[in-house]
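Since the structure comes first, as structure tokens, the remarks are kept for the end.
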Amino acid sequence: MLKKITSSELVLGMYVERLGRSWLDTPFWTRSFLLESPADLERIRAACLGEVWIDVARGRAPSAAAPAADGGLVRSAAPAMSRDEELAHARRLLERSRQAVQTMFDEVRMGKALSAGQANELVDDIAASVLRGGDVLIGLARLKTADNYTYMHAVAVCALMTALARELGLAPEQVRSAGLAGLLHDIGKMAVPSTILNKPGSLNEAEFSSVRAHPAAGHRMLQAVGEIDPVALDVCLHHHEKLDGSGYPRGLRGEQVSLFARMGAICDVYDAITSNRPYKQGWCPADSLRRMAAWRGGHLDAQLFAAFVKCLGIYPLGTLVRLQSERLAVVVGQVPGKPLTSPTVRVFFSIRAGTCIAPAVIDLTAPGCQERIVSTESAAQWRLQDIDRYWAGELAVA
């Protein structure tokens, strides 16, 4: 049972389940641990964390602290942040998550067992960011480099799966299962040589066969963990199945493909086609959704895809758009409860003048606003560099 106590009530032998702030803002690498070191106890007290959650059943010291009003269960509510604060938090979370995923995956590559506990901690923190900031983490996770693609793709699909599961109204434990499945869906790529994964040109038949073997390889890796969420096993093995039976590894059709595997297919494809890869530039988020819409029914589940679009909006974060006023703008956010076709944008370029202008934010749903989006545009067509800075700031996800 979890109990909430003050940091001053902590004693050695208690099992700390969660500190009173995000693990990103604490001096500890893991969020949950047995408190055995006097130095760690002093660090917690010096950090003025306020509240701490302990797991009485896992600790070695009794606690006289009264249970929290909710029975001691930790709730998933997250404090509100400004847009800039959420961007800063998401950057830190992505970097820490990338490091953690890389460590987990590299250990699997060397034949070590996956740490299910560490994976679940990552899922919880990613889900909290998605719950609070929505599209911010998802948008930033799209900004990958060739070196970190496999690890950042895992984080991005985790976030997308979490968002889609919430949109579908799934139970909290199912949302967590979906996030874990997204995090681990491509772990089998640790069995594929990096020279093949990062090859800039087309794959030959033998190389393609190696890549197609990654779902089964990942499934075996996860089975070796022991007690692993069956949803993660299912999505790992079946996220490349297609409803028309043309997918792999088993060529499943229709209802043979589970709900979570269908969700995984959508999230995996979207992040893959919107991200820069060694062999191609990523597509614009809005154009990617339009292309995916053509695959509904045959490859992707139409109803789930509709829910996915509702999550992201017709014009997802980072989409370059042309406005009625002959200006170019980048989508910087969705307005909660407003039409998906009218996001908030930042204008920065005058088409008539052919030059950049002072950036300005416009809420297209604001009363009296006469602006509207007339089309999506290609940054390459306008010879524009690094348009992501207009919504994400000056950053590079390492």
Sequence neighbours excluded, which residues qualify as side chain to side chain donor-acceptor pair (under 3.5 Å) partners of Ser177? Asp229
Mind checking side chain to side chain donor-acceptor pair (under 3.5 Å) for Ser210 and listing every partner two or more places apart, or none if nothing turns up?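 With neighbours one apart ignored, the set is empty.
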I'd like to check the ring pair (Phe, Tyr, Trp, His ring centres under 6.0 Å) partners of Tyr149; sequence neighbours left out, ordered by chain and number.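 Tyr149 satisfies ring pair (Phe, Tyr, Trp, His ring centres under 6.0 Å) with His153 only.
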Partner residues of His214 under the ring pair (Phe, Tyr, Trp, His ring centres under 6.0 Å) criterion, sequence neighbours left out: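 Checked His214 against ring pair (Phe, Tyr, Trp, His ring centres under 6.0 Å); matches are His239, His240.
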Assigning hydrophobic clusters by single linkage (Ile, Leu, Val, Met, Phe, Trp, Tyr; side-chain heavy-atom cutoff under 4.5 Å), is [X] placed with [Y]?
X	Y	value
Tyr270	Leu243	no
Ile351	Ile357	no
Val16	Val11	yes
Leu160	Val257	no
Leu317	Ile387	yes

Taking [X] for the side chain and [Y] for the main chain, is one N or O donor matched with an acceptor at less than 3.5 Å?
X	Y	answer
Asn120	Ala116	yes
Gln334	Leu312	yes
Gln324	Val374	no
Asn276	Gly282	yes
Arg322	Thr376	no
Arg262	Gly254	yes

Any residue meeting salt bridge (charged side-chain N to carboxylate O under 4.0 Å, His left out) with Arg166, in chain and number order, not counting sequence neighbours: none
Euclidean distance, [Y] [atom2] relative to [X] [atom1], rounded to 0.5 Å:
X	Y	atom1	atom2	result
Arg372	Leu323	CZ	CG	10.0 Å
Asp287	Glu377	CG	CD	9.5 Å
Glu207	Lys199	CD	NZ	3.5 Å
Trp391	Leu320	CH2	CG	13.5 Å
Gln102	Asn148	CD	CG	8.5 Å
Leu12	Leu34	CG	CG	9.0 Å

Under a plain distance cut-off of 3.5 Å, with no hydrogens placed, do [Y] and [X] share a side-chain donor-acceptor pair?
X	Y	value
Glu86	Ser129	yes
Asp125	Ser97	no
Thr150	Lys189	no

If hydrophobic residues (ILVMFWY) are linked whenever their side-chain heavy atoms come closer than 4.5 Å, directly or via other members, who joins Ile196 in its cluster? Val192, Leu197, Leu203, Phe208, Val211
State, to 0.1 Å, how close [X] and [Y] come at their nearest heavy-atom pair, and which atoms those are.
X	Y	value
Ala159	Val130	CB-CG2, 3.8 Å
Val101	Ala154	CG1-CB, 4.2 Å
Cys267	Phe308	SG-CE1, 4.0 Å
Gly313	Leu289	O-CD1, 3.4 Å
Cys311	Glu167	SG-CB, 3.3 Å
Gly333	Asp135	CA-OD2, 3.8 Å

Quick one, Val321 with Val331, criterion side-chain contact (heavy atoms from CB on, under 4.5 Å). Give me CA distance, side-chain angles, the key distance, then yes/no. CA-CA 7 Å; Val321 296; Val331 174; 4.2 Å; yes
Is atom [atom1] of [X] surrounded by more than 12 heavy atoms (other residues, nucleotides or ligands) closer than 6.0 Å?
X	atom1	value
Gln303	CD	no
Gln370	CD	no
Glu205	CD	no

Could you check whether any side-chain heavy atom of [X] comes within less than 4.5 Å of a side-chain heavy atom of [Y], counting everything from C-beta outward?
X	Y	result
Ile314	Thr319	no
Cys236	Leu184	no
Arg250	Leu237	yes
Cys369	Ile362	yes
Leu384	Leu328	yes
Tyr315	Val345	no
Lys242	Trp295	no
His299	Ser246	yes

Using side-chain contact (heavy atoms from CB on, under 4.5 Å), reason through Glu371 and Arg327 one step at a time and then give a plain yes or no. CA-CA 10 Å; Glu371 276 286 18; Arg327 293 181 293 176; 2.8 Å; yes
Please report the C-alpha distance between Leu10 and Ile5 in whole Å, then the side-chain angles of each, then the deciding distance to 0.1 Å, and finally whether the side-chain contact (heavy atoms from CB on, under 4.5 Å) criterion is met. CA-CA 8 Å; Leu10 276 173; Ile5 64 175; 3.9 Å; yes
Pair Glu107, Leu114 - check side-chain contact (heavy atoms from CB on, under 4.5 Å), show working. CA-CA 7 Å; Glu107 288 179 350; Leu114 174 78; over 6 Å; no
Would you check, one step at a time, whether the test salt bridge (Lys or Arg N to Asp or Glu O under 4.0 Å) holds for Arg92 with Glu95? CA-CA 5 Å; Arg92 296 197 308 272; Glu95 176 55 21; over 6 Å; no
Decide whether a cation-pi geometry holds between Arg296 and Phe305; the criteria are a distance under 6.0 Å from NZ or CZ to the six-membered ring centre and an angle within 45° of the ring axis. no
